[in-house]
Each structure stands twice: as structure tokens, then as C-alpha cells.
S.K.: 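Mind having a look at this structure? Questions to follow.
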Amino acid sequence: MDRVIEELRTFAAQTADLEKAGYLLVWDEETHMPSGGGDERMHQHAAVERAVQDRWASDELARLLERAAPLAARLDPESDEATLIRVLRRDSDKARRIPEGIRLEIAACQTRSFGLWQKARAERDFGILLGEFERVVDLRRTYAEAFGTLTDPYDALLDDYEPDMSAAAVDAVFAQVKPALEEILAKRDAPDHGTDVLTGRFDPDRQRRFTLWLLGHWGFDEDSWRLDQSVHPSQLSLAASDVRVTGRFDGDGLRGIFGVLHEFGHGLYRRQVAATLSRSPLREPPSSALDESQSRLWENVIGRRMSTWKYAYPRLQEEFPEELRAVPLERFYRAMNTVRPTAVRTVADEVTYGLHIILRYQLERELLAGTVTPRDLPDAFAAAMHDTLGVEPRDITEGVLQDPHWFDLGFGYFPTITLGDVVALQIWERAEAELGALDDRFERGEFRDLVEWLAREVHQYGSKFSAPETLRRAAGGPLDAGPYVTYLRNKYGVDT
């Protein structure tokens, strides 16, 4: 029986290696690839993705799992071996539900559509990818039909990111969160309040230098991490000791710093997974909401916290003496926490960001149901922005083309970001209760205790446990929007 475990480990390791090779293609495309390389890169992406999906759906893996079944029943259910079998069985069963032709078409369409999104964005022309996006939506419906026992077809797409959760459960959480966000938005500060200190001419190289300084206090070291420039911030981890973060430092403001803090949270999760889980699917977080909880924790709960900036702001002023010398900390803090709607999700404030997510979730539900067509999506997106946030996109790059996720078939991903906000506050409350006085430590530039607590209570387990079980261990209970709603109300001065 030990032999079948070793064969499963080898199979998992080789598949993980192939997936990480695909990640490297993506990272290169985002950071270094010449603009003319896109057409060939699409084929390279598709070849790797097909190979990975073929392995998950293979008879070889199914036979190995069948041989391992008697052993699994005798193993400690929390052992690395038992959890590897469980996760591999889940991935295999799911992949084998999808007809081979559909799997191949999804892999090809994913790379074609993403490449066309880049071209359409550059040329500000949705028509460039309309035909391909119509195929994307058809494929998402066909994919959902393969899981026909589900009550809601959207559940099949959500399951790719958030196993063990339904669209109905998401709706229940958003029914608590959305009214709080809308109430805070309605009572926001006057439009002329202070956010001008975040805009102006801020040299991107000095922004990057400051960001690396701050991240160095949080666990970023140059032997294991990289920070590069890209159009859309991202994180791709090739190994625990090879974490690639990208950001977008523009010269006309400081908001790009927060995008990098967000991506750092994703990277820290993978940096701190137990070494015994390397080169296996267990190395990834168990769900996107758990993953996003860490990015939102570092971006917002810590990254927009007064105690953090009591320590960090003098260093930022050193980088930008002319721009910030006369700006007191209190004004800077208020500016980065001011609620002001913007058309662009990635630079949105903490409150309107959640509304950005909810409107996208509602639109992708409508796309799947057919009540919004791909052709009508640009207008529907702009209308939703106006109705929800009261803003109008200046052009299509601030509208439906601002995000790549629908165009690389990422339906089901968006709601997990706001679910991540909810999870982040549950984990933060538990960390504060156990560690105490975190603000005092942050003011001294001491973040290591929290980093180590997160490694011990959350990160080290990867996906050994289900998302609900991981949350129970980390936060002491099931998913609960209450702490997040209370946090928002307290921070933005809305009476409970």
C-alpha cells in the first residue's frame, strides 16, 4: 500500500510541476513578453492547460485512486496521505464529469479569449472579442450542465473556487453585507474631502522602493519573492520559495501600493504552507474565499490601519518629501479610507469595492441565465455601475474590459473576494483575541507575531482540510458576516 501512496505523490507532483510551468508562462506574459508574442503564447497556454486537465481526467489517476481506497479507510483522516487521496479523488471525479471535447475546447477558449481581451482593451473595442466571449458563455453553460444534479447551474462554476458553498449561501451573505455597504456609501464624506493627497506626481520607482520596505516587515524577502510591474496586479507562486507578485505603480497616485499589499497576502499564504505539502494540490488554499481573506486582511484591515501608518508614514514621507511633508498623518489616513466611488475596481475604497464585486456577481448570474447577453454586457455593466455606485465609466477599459476574469472563463470567482472580506474579519478577531495588543506592535513595526500566528493557524495546512473546516479551525466557527459588518460600521461611524 505504501507503493500506491508514492505513485499518487509522484502523479500529483508531476501535475503540479506542469501547472507551475503554465503559471510561469502567465507571469512572463504579464511582465516581460514582447507585445508581438501574444498569438504564439495563446497556443502555449492551451497546450499546458490541456495537458493538466488530461491528467486530472486520466484513467491512470482513477486506477491509482481505486487501489488507494482500502488504504484511505485505515489512515488517520488528518494525515497528509489521507488528505492527498481525498483531494485527488475530488479533482479526478470532477474532471471526469466533463466530456473530453468540452475540456479541450475550454482550454483552447480560455487562452484565446484572454489574448483577445488584451487586444480589445488596448484598442478599446469590445467587438474584437464579442464572438469569442459568446463562446465563453456557451461553454460555461455546457460545463454547468455536466453537473446537472445541482439546484442552481451557477453552483457548478462557484464550486471551482468555493467548494462546499452554493449560490444561495452567497446570496444570504450578500443580503447582510450589501445594505451595510450601501448605508455607508450614502453617508460618505463630502466629495472634496482630502483624497487629493493620494494623487499627483509620485515617482513609480520610489513607490516600489517604499512598498518593498513595508513588505520586508511583513515577510517579503528577495531570496523568495519578486515584485514586478504589470497592467493588472497579480500573484503567482511557483514554489514556497518562489513567489511572484506584480503591481501597477502609476506616476499619478499612490493607490497602486494597496494593490501590491493585496497580492502580498495571496503570496504569504503560499509562502507559509507546510513544506511537506509542496508539489501537490494540497499546497493551495482550500477555497478562494480563504485565499482572498488573506489578501484583504493585509490590504485593508492591516494596510489601511492607523497603527500601521504611524510606523510606515514617516518612511513614505522620506520617499516623497515635497509631496507629503505638509500632509499630516491624520489627513493621509482619512484620505486612504475615504469612501468615494470610482469606476475602477482595483483602486476602489474598502466600501465601494464590495459593491463592485456584488454587481459583477449579479451580472455573471444573469449572463449564465441568459437574461443578459454578451452583446448587451457593456451597456449592462455601465448601467449597473451607475445604479450601484453612481459613476460612469470614461471608456470601455473602465467598464466591462477592466477585469480579465470573465474572459479567461473565471465565472464564479468574483463573489469569493467579498466572501474573503467576511472571512478576514473572523480570522482577525480570533488573532486579536489570542495575541492581544496588535496595534501597539504595529506602531513599532512589529508584524512578525501575526505572520507566525497565521502560519500556525491558517497557512500551514494548505488544503488539507475543507474550507469550512479550515475556517472553523482558524476562526472558531462557521462563516459569519457579522464581524465584517460590525467592523465596517465602527470604522466608518455608522450607528449599529
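These figures come from a predicted structure and were not determined experimentally. All residue numbers in this chain count up from 1 along the given sequence.
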S.K.: Is the closest basic N to carboxylate O distance between Glu434 and Arg430 below 4.0 Å?
M.R.: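 The answer is yes: the pair qualifies as a salt bridge.
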
S.K.: For Pro286 and Gly462, which heavy atoms make the closest approach, and how far apart are they?
M.R.: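 Pro286 and Gly462 have their closest heavy atoms at CD-O, 3.2 Å.
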
S.K.: Given side chain to side chain contact (heavy atoms under 4.5 Å, CB included), test His43 with Thr111 step by step and report yes or no.
M.R.: CA-CA 7 Å; His43 295 295; Thr111 54; over 6 Å; no

S.K.: Tell me if a side-chain donor or acceptor on Thr352 pairs with a main-chain N or O of Leu355 at a distance below 3.5 Å.
M.R.: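 Answer holds: no.
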
S.K.: Check the pair Glu6, Asp2 against side chain to side chain contact (heavy atoms under 4.5 Å, CB included), reporting the backbone distance first and the verdict last.
M.R.: CA-CA 6 Å; Glu6 287 308 310; Asp2 287 344; 5.6 Å; no

S.K.: In sequence, state the C-alpha distance, the side-chain angles, and the governing distance for Arg41 and Asp28, and then conclude on salt bridge (Lys or Arg N to Asp or Glu O under 4.0 Å).
M.R.: CA-CA 10 Å; Arg41 185 55 53 88; Asp28 174 74; 3.0 Å; yes

S.K.: Does a side-chain heavy-atom distance below 4.5 Å link His266 with Glu292?
M.R.: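 In contact.
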
S.K.: Between Pro281 and Leu88, is there a side-chain heavy-atom distance shorter than 4.5 Å?
M.R.: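 They are in side-chain contact.
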
S.K.: Can you tell me how far CD of Gln118 sits from CZ of Arg121, rounded to the nearest 0.5 angstrom?
M.R.: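 Here the interatomic distance stands at 10.0 Å.
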
S.K.: Step through it carefully: locate the ring centre of Trp225, locate the ring centre of Phe264, and say whether they are under 6.0 Å apart.
M.R.: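 Yes; Phe264 has its ring centre under 6.0 Å from that of Trp225.
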
S.K.: Hey, mind stepping through Glu183 and Arg489 against side chain to side chain contact (heavy atoms under 4.5 Å, CB included) and telling me if it holds?
M.R.: CA-CA 9 Å; Glu183 184 177 7; Arg489 289 181 175 278; 3.0 Å; yes

S.K.: When you check the gap from the basic side-chain N to the acidic O, do Arg226 and Asp242 get nearer than 4.0 Å?
M.R.: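 Answer for the salt bridge query: no.
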
S.K.: Quick one: does any side-chain atom of Glu429 pair with a main-chain N or O of Pro483 as donor and acceptor, under 3.5 Å?
M.R.: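 Looks like no, no N/O pair under 3.5 Å.
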
S.K.: About how many Å separate CZ of Phe114 and CD of Glu29, when rounded to the nearest 0.5 Å?
M.R.: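 Output value for this atom pair is 5.0 Å.
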
S.K.: Would you say the side-chain atoms of Trp428 and Glu432 include a donor-acceptor pair closer than 3.5 Å?
M.R.: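 Yes, Glu432 and Trp428 have a side-chain donor paired with an acceptor closer than 3.5 Å.
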
S.K.: Is the backbone of Asp93 close enough, under 3.5 Å, to the side chain of Arg97 for a donor and an acceptor to pair up by distance?
M.R.: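 Not a single qualifying donor-acceptor pair exists.
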
S.K.: For residues Leu454 and Leu297, determine if any side-chain heavy atom of one lies less than 4.5 Å from a side-chain heavy atom of the other.
M.R.: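 Leu454 vs Leu297: side chains touch.
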
S.K.: Return the OG1 to CG distance between Thr416 and Asp421, rounded to the nearest 0.5 Å.
M.R.: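 Between Thr416 OG1 and Asp421 CG, I get 10.5 Å after rounding to 0.5 Å.
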
S.K.: Backbone N or O of Val458 within a donor-acceptor pair of the Arg473 side chain at under 3.5 Å?
M.R.: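 No; zero donor-acceptor contacts below 3.5 Å.
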
S.K.: So, do Leu129 and Leu401 sit near enough that their side-chain heavy atoms are less than 4.5 Å apart?
M.R.: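 In contact.
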
S.K.: Compute both the distance and the angle, then confirm whether Arg244 meets the cation-pi test with Tyr23: under 6.0 Å from the six-membered ring centre, within 45 degrees of the axis.
M.R.: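 Because its charged atom misses either the 6.0 Å distance or the 45° angle limit, Arg244 does not stack over Tyr23.
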
S.K.: Salt bridge or not for Glu145 and Arg141, using N-O below 4.0 Å?
M.R.: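 Arg141 and Glu145: not salt-bridged.
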
S.K.: Taking the six-membered ring for Trp, is the centroid-to-centroid distance between Trp406 and Phe414 below 6.0 Å?
M.R.: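 Here the rings of Phe414 and Trp406 have centres that are less than 6.0 Å from each other.
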
S.K.: Would you mind reporting whether Leu409 and Tyr143 have side-chain heavy atoms less than 4.5 Å apart?
M.R.: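 Side chain of Tyr143 against side chain of Leu409, heavy atoms only: no contact under 4.5 Å found.
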
S.K.: Between Arg304 and Asp349, is there a side-chain N and carboxylate O pair less than 4.0 Å apart?
M.R.: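 A salt bridge is absent here (no side-chain N lies under 4.0 Å from a carboxylate O).
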
S.K.: Ion pair present between Glu105 and Arg135, side-chain N to carboxylate O less than 4.0 angstrom?
M.R.: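 Judged by the 4.0 Å cut-off on N to carboxylate O distance, Glu105 and Arg135 do form a salt bridge.
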
S.K.: Given side chains that start at C-beta, do those of Leu18 and Gln14 come closer than 4.5 Å, heavy atoms only?
M.R.: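 Of all side-chain heavy-atom pairs linking Gln14 with Leu18, none is under 4.5 Å.
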
S.K.: Nearest 0.5 Å, what's the CG-CD distance between Leu377 and Glu134?
M.R.: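 Going from CG on Leu377 over to CD on Glu134, the span is 11.0 Å.
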
S.K.: Could you tell me whether the side chain of Glu263 and the main chain of Gln235 form a donor-acceptor pair under 3.5 Å?
M.R.: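 At least one qualifying donor-acceptor pair exists.
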
S.K.: Got Gln272 and Arg456 here, is their nearest side-chain heavy-atom distance under 4.5 Å?
M.R.: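 Heavy-atom side-chain distance check fails, nothing below 4.5 Å.
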
S.K.: Near Asp387 CG, under 6.0 Å, is it more than 12 heavy atoms from other residues, nucleotides or ligands?
M.R.: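 More than 12 heavy atoms, drawn from other residues, nucleotides or ligands, come within 6.0 Å of this atom.
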
S.K.: Mark yes or no for whether Arg248, through its side chain, and Gln229, through its backbone, hold a donor-acceptor pair below 3.5 Å.
M.R.: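 No.
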
S.K.: May I ask you to check whether Ser237 and Arg283 show a side-chain donor-acceptor distance below 3.5 Å?
M.R.: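 Arg283 and Ser237 do have a side-chain donor-acceptor pair below 3.5 Å.
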
S.K.: Could you go through Glu350 and Lys491, starting from their C-alpha distance and side-chain angles, then the distance that decides it, and tell me whether this counts as salt bridge (Lys or Arg N to Asp or Glu O under 4.0 Å)?
M.R.: CA-CA 11 Å; Glu350 188 176 13; Lys491 181 171 180 176; 2.7 Å; yes

S.K.: For Glu81, which residues count as a salt bridge (Lys or Arg N to Asp or Glu O under 4.0 Å) partner, sequence neighbours excluded?
M.R.: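 Applying salt bridge (Lys or Arg N to Asp or Glu O under 4.0 Å) to Glu81 gives Arg9.
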
S.K.: Between Arg279 and Glu284, is there a salt bridge with N-O shorter than 4.0 Å?
M.R.: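 Looking at Glu284 and Arg279, the cut-off is not met.
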
S.K.: Using atom types as modelled and distance alone, determine if a side-chain donor or acceptor of Asp155 lies under 3.5 Å from a backbone N or O of Ala167.
M.R.: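 Confirmed, Asp155 side chain pairs with Ala167 backbone.
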
S.K.: Do Asp164 and Ser466 meet the criterion of a side-chain donor-acceptor pair at a distance under 3.5 Å?
M.R.: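 Note: Asp164 and Ser466 side chains miss the donor-acceptor criterion.
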
S.K.: May I ask you to test the Leu61-Leu8 pair for a side-chain heavy-atom distance under 4.5 Å?
M.R.: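 SC-SC contact between Leu61 and Leu8 confirmed.
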
S.K.: Step by step, work out the side chain to side chain contact (heavy atoms under 4.5 Å, CB included) result for Leu158 and Ser166.
M.R.: CA-CA 7 Å; Leu158 181 64; Ser166 66; 5.5 Å; no

S.K.: Work out which heavy atom in His232 is nearest to a heavy atom in Pro404; give both atom names and the distance.
M.R.: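 In terms of heavy atoms, the two residues are closest at CE1-CD, 3.9 Å.
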
S.K.: Would you check if the side chain of Lys464 reaches a backbone N or O of Glu78 as a donor-acceptor pair within less than 3.5 Å?
M.R.: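 Such a contact is found between Lys464 side chain and Glu78 backbone.
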
S.K.: For the residue pair Tyr154 and Tyr361, categorise the inter-ring angle as parallel (less than 30°), tilted (30 to 60°) or perpendicular (more than 60°).
M.R.: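 Tyr154 and Tyr361: perpendicular rings.
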
S.K.: Ignoring hydrogens and geometry, is there a side-chain-to-backbone donor-acceptor pair from Ser288 to Tyr413 under 3.5 Å?
M.R.: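 Such a contact is absent between Ser288 side chain and Tyr413 backbone.
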
S.K.: Using a strict threshold of under 4.0 Å (side-chain N to carboxylate O), is an ion pair present between Arg3 and Glu7?
M.R.: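 Judged by the 4.0 Å cut-off on N to carboxylate O distance, Glu7 and Arg3 do form a salt bridge.
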
S.K.: Considering only NZ, NE, NH1 and NH2 on the basic side and carboxylate oxygens on the acidic side, decide whether Lys94 and Asp159 come within less than 4.0 Å.
M.R.: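 Here Lys94 pairs with Asp159 in a salt bridge, since their nearest N and O are under 4.0 Å apart.
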
S.K.: Is the shortest distance from a Lys or Arg side-chain nitrogen in Asp171 or Lys178 to a carboxylate oxygen in the other one below 4.0 Å?
M.R.: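 Result for this pair is no, no salt bridge flagged.
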
S.K.: Looking only at side-chain N and O atoms, does Tyr484 offer a donor or acceptor that is under 3.5 Å from a partner on Gln176?
M.R.: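 Looking only at side-chain atoms, Tyr484 and Gln176 do not form any donor-acceptor pair under 3.5 Å.
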
S.K.: What's the verdict on side-chain hydrogen bond (donor to acceptor under 3.5 Å, both in side chains) for Gln53 and Glu49, showing C-alpha distance, side-chain angles and the deciding distance?
M.R.: CA-CA 6 Å; Gln53 294 305 315; Glu49 184 63 22; 3.1 Å; yes

S.K.: If only atom types and distance count, is the side chain of Ser293 paired as donor or acceptor with the main-chain N or O of Ala424 below 3.5 Å?
M.R.: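 No, because the side chain of Ser293 does not come within donor-acceptor range (under 3.5 Å) of the backbone of Ala424.
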
S.K.: Assess the side chains of Thr246 and Ser234: does a donor N or O sit below 3.5 Å from an acceptor N or O?
M.R.: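 Checked: Thr246/Ser234 side chains pair up, N/O donor to acceptor below 3.5 Å.
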
S.K.: Does the distance from a Lys or Arg side-chain N to an Asp or Glu carboxylate O, for Glu66 and Arg63, drop under 4.0 Å?
M.R.: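 No, Glu66 and Arg63 are not salt-bridged.
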
S.K.: Suppose we call two aromatic rings close when their centres sit under 6.0 Å apart. Are Phe133 and Phe407 close by that rule?
M.R.: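 That pair passes the under 6.0 Å test.
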
